[in-house]
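Data block below; observations after.
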Amino acid sequence: MRRAIAALLLGLLPAPLCAAPCVMPTPGAIAAAAGPPGGVAAAFGDSVITTYDLQQGLALRLALEGVDGKPLARKAGDELKTMELEEGWLADARARNISVAPAEVDAAIAAMLDAGHVSPAMLQAMLTRTGATMASLRGRIAVAIAHAKARGVALSLPYRIAQRACR
């Protein structure tokens with residue numbers, strides 16, 4: 001028994017009950033979870049969410065929040081619900097003639113980087129790892145800003161950078 005414990009401590013035996021490390025899905029796996037390329041993920045009213053939009057949303061979420069063990073298909077479903085909600089926010093902001101300046105998006109990204117203790121280069125690397133684009137991030141943040149303006153409330157950023165995502 002002592003030998004087994006010593007061997008375990010020295011790394012000669014695998015540790016029992018160790019959880020497998022979470023592995024970041026590849027951009028290809030994320031795209032597959034979003035649906036067929038060029039397809040429509042959801043349509044309601046005058047709005048359409050394409051599978052590319054869903055792919056970008058899922059990639060952003062994974063890049064910034066990291067992997068938490070949820071199945072990718074479930075995360076895609078959750079992201080689609082969020083995107084449908086944001087489409088409603090965007091329609092409301094348009095109806096109220098609310099606009100968002102690029103400087104407002106820049107300030108929100110700077111606040112997100114400060115809160116997550118991440119540099120702009122680290123953010124870009126995180127996005128690239130999952131196939132997300134900065135344009136998609138800027139667009140989603142602009143929607144959140146427009147929603148906050150429409151409601152007359154303080155901005156609540158749609159993304160928080162989790163430390164597990166920085167690895």
Under 4.5 Å between side-chain heavy atoms, counting indirect links through other Ile/Leu/Val/Met/Phe/Trp/Tyr residues: same cluster for Ile30 and Tyr52 or not? no
Identify the two heavy atoms, one from Ala34 and one from Leu54, that lie closest to each other, and give their separation to 0.1 Å. O-CD2, 3.6 Å
Which atom pairs, one a donor and one an acceptor, fall under 3.5 Å between side chains of residues 76-84 and the rest of the protein, sequence neighbours left out?
residue: Asp78; atom: OD2; partner: Lys70; partner atom: NZ; Å: 3.2
residue: Glu79; atom: OE1; partner: Arg61; partner atom: NE; Å: 2.8
residue: Glu79; atom: OE1; partner: Arg61; partner atom: NH2; Å: 3.3
residue: Glu79; atom: OE2; partner: Arg140; partner atom: NH1; Å: 2.9
residue: Glu79; atom: OE2; partner: Arg140; partner atom: NH2; Å: 2.6
residue: Thr82; atom: OG1; partner: Asp78; partner atom: O; Å: 3.2

Is it the case that one hydrophobic cluster holds both Leu90 and Val48, taking links as side-chain heavy atoms less than 4.5 Å apart, direct or via other members? no
Let me check something: do Leu58 and Leu85 share a hydrophobic cluster, defined by ILVMFWY side-chain heavy atoms less than 4.5 Å apart, either directly or through other members? no
For residues 142-159, which residue pairs qualify under salt bridge (Lys or Arg N to Asp or Glu O under 4.0 Å), counting only residues two or more places apart or in two chains? Asp92-Arg151, Glu104-Lys149
Which atom names give the shortest non-hydrogen contact between Ala142 and Val105, and what distance separates them? CB-CG2, 3.9 Å
Contacts satisfying salt bridge (Lys or Arg N to Asp or Glu O under 4.0 Å) that involve residues 36-47 (not counting sequence neighbours) are none
Going by heavy atoms in the side chains, are Val40 and Ile49 under 4.5 Å from each other? no
Do Arg138 and Asp106 pass the side-chain contact (heavy atoms from CB on, under 4.5 Å) test, and can you show the C-alpha distance, the side-chain angles, and the key distance before you say yes or no? CA-CA 8 Å; Arg138 292 182 66 81; Asp106 292 341; 2.6 Å; yes
Which heavy atom in Leu113 sits nearest to a heavy atom in Pro120, and how many Å separate them? CD1-CG, 4.0 Å
Strictly by salt bridge (Lys or Arg N to Asp or Glu O under 4.0 Å), give each pair with a member in residues 109-124 just once, sequence neighbours left out. none
Considering only heavy atoms from C-beta outward, does the side chain of Val143 approach that of Glu87 to under 4.5 Å? no
Test item: Ser136 side-chain N/O and Gln56 main-chain N/O as donor-acceptor pair under 3.5 Å: no
So the ring-ring contact (aromatic ring centres under 6.0 Å, His included) pairs with at least one residue in residues 55-104 (sequence neighbours excluded) are Trp89-His147
What pair of heavy atoms forms the shortest contact from Ile145 to Ala108, and how long is it? CD1-CB, 4.1 Å
Using atom types as modelled and distance alone, determine if a side-chain donor or acceptor of Thr130 lies under 3.5 Å from a backbone N or O of Pro27. no
Qualifying residue, where the test is side chain to side chain contact (heavy atoms under 4.5 Å, CB included) with Met126 and the options are Leu60, Leu62, Leu64: Leu64
Would you say the side chain of Leu137 lies within less than 4.5 Å of the side chain of Leu123, judging by non-hydrogen atoms? yes
Connected-component partners of Ile98 among ILVMFWY, side-chain separation under 4.5 Å: none
Heavy-atom check, side chain of Ile109 versus side chain of Ile141, under 4.5 Å: yes
Please name the pair of heavy atoms, one in Ala33 and one in Leu72, separated by the smallest distance, quoted to 0.1 Å. CB-CG, 3.7 Å
